[in-house]
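Inspection log for the structure reproduced underneath, given as structure tokens.
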Amino acid sequence: MKVLIRGGRLIDPAQGLDGLYDLLLKDGKVADVSPAGKGKSDVATVIDADGLLVIPGIIDIHTHLRDPGYEYKEDIESGTLAAAAGGVTAVACMANTKPVNDNAAITQDILKKAGDTGHVRVYPIGAMTKGLAGKELAEIASMKSAGIVAVSDDGMPVVSSEMMRVGLEYCRPLDLTVISHPEDLGLSAGGSMNEGYLSTIMGLKGIPRAAEDVMVMRDIALAQLTGAKLHIAHISTAGIVSLVREAKRRGIRVTAEAAPHHFSLTEDAVKGYRTDAKMSPPLRESSDIQAIKEGLKDGTIDLIATDHAPHSTIEKDVEFDHAANGIIGLETLLPLTLRLVDEGVLSLTQMVEKLSVNPAAIIGVEGGSLKKGMPADITIIDPEMKFKVDRKKMKSKSKNTPFHGWEMKGKAVYTIVDGKVVYKEDNYD
Amino acid sequence: MAKQKQVLDALGVQRAVTRVAHEILEANMGIGDLALVGIRSGGVIVSQMLAREIKKIEGLDVPLGIVDITLYRDDLSAGTHHPALRSTEIDFSVDDKKLVLVDDVLYTGRTVRAAMDSLIDFGRPKMIKLAVLIDRGHRELPIRADFVGKNIPTSPNDVIKASLEGDIGVDIIIND
Amino acid sequence: MLKRKDILGLSDLKKEELELILDTAESLREVSDRDIKKVPTLRGKTIINLFFEASTRTRTSFEIAGKRMSADVINISASSSSTVKGETLIDTARNLQAMSPDVVVVRHASSGAPHMIAEAIDASVINAGDGCHEHPSQGLLDLLTIRQAKGSIEGCRVAIIGDIEHSRVVRSNIYGLKTMGADLVVAGLPTMMPAGIEKMGVDVAYSIDAAIKGADVIMMLRIQKERLSNPLFPTEREYSIAFGLNSKRLELAKKDVVIMHPGPINRGVEIAPEVADGSHSLILDQVKNGVAVRMALLYLLAGLKQGDN
């Protein structure tokens, strides 16, 4: 089975490539990369990529597939289909399922189901503590053998500093990254949006930036103490950007991610009590967005991840303070990131680093490059394609997006995993 | 084409009010238990003019009240324009009074119906009579004025304009 | 005329609209003084009092207002949040709509709940207090009470004292009073002062004495112990010493100062009994005006439907 992707603009930072190339795929691997027009044309399947971007497949290291346990919100089949539709070729899924992915059996179940029904690659993330309770370590080494790529209690912070220290130390020899959801539960208690003038006039309890900042300070100190690999999830404040920048300067092993909503929306999105804009951490203000963009530009923030968090109407069509946190993100990740390229925040090469190269490195999986011999996981993008976000047409089971109705530019038109087209935009031949 | 024509000048209005005041006193045989209630807004001035005449004749003040019928209208949701709600001011007991309800123009009778309902919510008057400056006809309810300043035959398209302050007079605007 | 379906707060009401409501309420006060306290205005209209949070006082006031206008008033106590019942708030709203009410009066512990219900149904919605957001009918009755006492709201110095952060009454009063041209100061403990409050156009003080100096109106707020998840002051005694209004402190205000309180009062905590019952107190006028203001709102929303304009 051979596929030729002909004449697209290939961007592959690992090979230092940015130009027009033909890409030959064979048996799920990249078989050849050659200047455009030189590729063999005797293959069965030819994708004409003229005018399109061809990049190493997007890897989203922060998703909630809700499977097992909350299949009414999302399952591996629907979540990976949403990923494919968004140009994402691999997802790492968080452990806050029911039951929690805190042992090898659950990890194996997830991987089996992903093998049977998944449209893209699925990399489970294991819980750091049993039941995400923050009291005792989960069987991390066994889960690693079963296939986890990182550990995280995401959704819940690790309240005890001692527990966090133990988790980091335990993971260091396993070479597993610990992903921190930084939130001081005391400071955030009862809060449902950014704390400030808007929360005051809406009568909602605010969550101060300090609720995140203090935990990041703690976690950086613990990363320094333990020498383990710490990854800070979903940065929402300017303060964290500075903290991470400073920690990196001091040589601490810390990486960080930003979610598209945190660089695309301010707290104004919650006006009118829009629960589709309620999330943890909350949307903040334009000064935070500016800092996050600077962090992305200067490399402080290593990658962009969705924090794809599907919820059904029973969690969202309710009182704002009772509504669940989170939005779906897989199908809007790419166009929102391309806006950063349009704005000049990121070059296309940097975009590929944030969406593919760095995610692969941080969770230690194959991908992030289209060198000969690499897995044929490829995202082909029409950077000029305009479309309007319509929640009814989204592939995710849940429709909780604040981007409904947005005019977007740039879309994945082919998503290729293991050499096979898993998603193709209608009318693209 | 609309044509405007005066049907009563200031003197005519005054003569009509004087005559009605006499008729009220005659029918009531004096001022005993009598009270006037003007209907907002046009009836208020007429009731005040009548009270002044009655004082001239009898030398006594007659109790004077104001009723706002807005809360009693039968067309609240009908999509017509309503004047802003204002208060009803009746600072005497209506029980056992001989009330004379006063309005400027009597037309369909719906306003008078609403005013009577309102008065009855204030107590049990001995009787209610109706005095109007102009009766233009076209009743939609079985209501008849007891005292009329002037009958003016109109067509439903006509407009009666009663100016009772400043340049006093009653005009009819005839719309063909 | 009021060109809106709902009254969700005073934040977006223009001065003319506030004046219309106050003038209408002023006219309606007389109905409550009659022997027969009933007018037929809203005959055949259905008003649902949908209270997700217990409040005898506000519910009774709306119920009396509706009944004095001859509307059919139905009280529904929804004791728990919709999520607990396994249906959404929107489901609850749509079920109500199916019963064709003309006005739904909503009280909810969650900010924004009346807003969400209003978007989901055709009936008019009146917010009877939502979380820490707004309590427009309370704000309106306070405006009416001040206007009666002072002749005009414009230029009045109003001091609002107490738990500013958790008070929906404060927010509605700030919007209403600012629109009507009053000059405001809010005072309370720093632990009860919400972020960015000064951007609402008010002075902020952290001492009661500073706030009431020169005030024409003092509005004391209830210390809502039940609303505080964790105590923001050590003891009631210490709070009372720092922020309680007593007759000695009252000397700092203008001679003709008036005292208001949205009730129910905590005697001896935020307000001394001699002040609550004293000659400056308008607390019972507020209650009376509450009925008139709610009659006005029901009249303007249910009596005059949208087509009237």
Side-chain angles (χ1 to χ4, degrees), chain A residues 70 72-73 184-211 237 266-278 282 284-288 311-325 398-400 404, chain C residues 8-9 11-12 52-53 78 80-94 106 108-120 127 129-135 164-172 174-175 186 193-202 227-230:
Chain A
Y70 303 100
Y72 68 99
K73 300 183 188 199
D184 181 307
L185 292 180
L187 285 172
S188 68
S192 45
M193 65 174 291
N194 179 46
E195 179 180 297
Y197 172 65
L198 190 59
S199 67
T200 292
I201 65 170
M202 290 181 73
L204 292 169
K205 185 154 184 350
I207 301 171
R209 292 176 179 80
T237 76
T266 66
E267 59 174 358
D268 286 346
V270 308
K271 281 182 181 170
Y273 300 94
R274 304 283 163 225
T275 57
D276 281 342
K278 182 183 174 185
R284 304 221 183 251
E285 294 178 60
S286 51
S287 52
D288 299 291
H311 290 294
S312 76
T313 51
I314 190 73
E315 287 92 15
K316 284 292 193 180
D317 277 2
V318 299
E319 297 85 340
F320 194 89
D321 51 357
H322 293 285
N325 285 313
S398 294
K399 309 298 175 195
N400 51 314
H404 177 70
Chain C
L8 300 176
S11 66
D12 60 345
F52 291 88
E53 185 183 66
S80 62
S81 131
S82 52
T83 42
V84 181
K85 293 180 306 207
E87 70 172 16
T88 67
L89 185 66
I90 306 303
D91 291 332
T92 308
R94 288 183 186 141
V106 181
H108 204 301
S110 294
S111 298
H115 193 287
M116 296 174 86
I117 292 172
E119 281 193 346
N127 177 3
D130 64 327
C132 304
H133 178 225
E134 281 226 45
H135 192 352
I164 307 298
E165 180 168 11
H166 298 94
S167 172
R168 50 196 170 211
V169 176
V170 165
R171 287 156 176 85
S172 288
I174 290 175
Y175 289 123
V186 297
M193 202 60 81
I197 183 81
E198 67 287 346
K199 288 191 201 157
M200 294 185 82
V202 299
R227 211 184 282 286
L228 302 178
S229 45
N230 49 332

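A, B, ... follow the sequence lines: proteins, then strands. Residue 1 opens every chain.
Residues A:Phe320 and C:His133 place their aromatic rings such that the two centres sit no closer than 6.0 Å.
One finds the CG atom of C:Asp91 at 7.0 Å from the OG1 atom of A:Thr313 (value rounded to the nearest 0.5 Å).
When each of A:Met202, A:Glu195, A:Lys316 is checked for heavy-atom pairs under 4.5 Å with chain C, A:Met202 comes out on top. Heavy-atom pairs under 4.5 Å with chain A peak, among C:Ala195, C:Gly9, C:Gly196, at C:Ala195. Listed options C:Ala120, C:Ser110, C:Ala93, C:Ala113 were ranked by heavy-atom pairs under 4.5 angstrom with chain A; first place goes to C:Ser110.
Contact of A:Leu198 with chain C is not made at all, since no heavy-atom distance falls under 4.5 Å. Residue A:Ser192 does not touch chain C at all, counting heavy-atom pairs closer than 4.5 Å. Of the atoms belonging to C:Glu165, not a single heavy atom falls under 4.5 Å from chain A. Both the backbone and the side chain of C:Met200 come within less than 4.5 Å of a heavy atom in chain A.
With no hydrogens or angles considered, no side-chain donor-acceptor pair links A:Glu267 and A:Tyr197 at under 3.5 Å.
Contact check on A:Glu285 versus A:Arg209 returns a salt bridge, with a Lys/Arg side-chain nitrogen under 4.0 Å from an Asp/Glu carboxylate oxygen. At a threshold of 4.0 Å, the pair C:Glu119-A:Arg274 counts as salt-bridged, since one of the basic side-chain nitrogens sits closer than that to a carboxylate oxygen.
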For A:Arg284 and A:Ile207, run side-chain contact (heavy atoms from CB on, under 4.5 Å): C-alpha distance rounded to whole Å, both residues' side-chain angles, the deciding distance at 0.1 Å, then the answer.
CA-CA 10 Å; A:Arg284 304 221 183 251; A:Ile207 301 171; 4.0 Å; yes
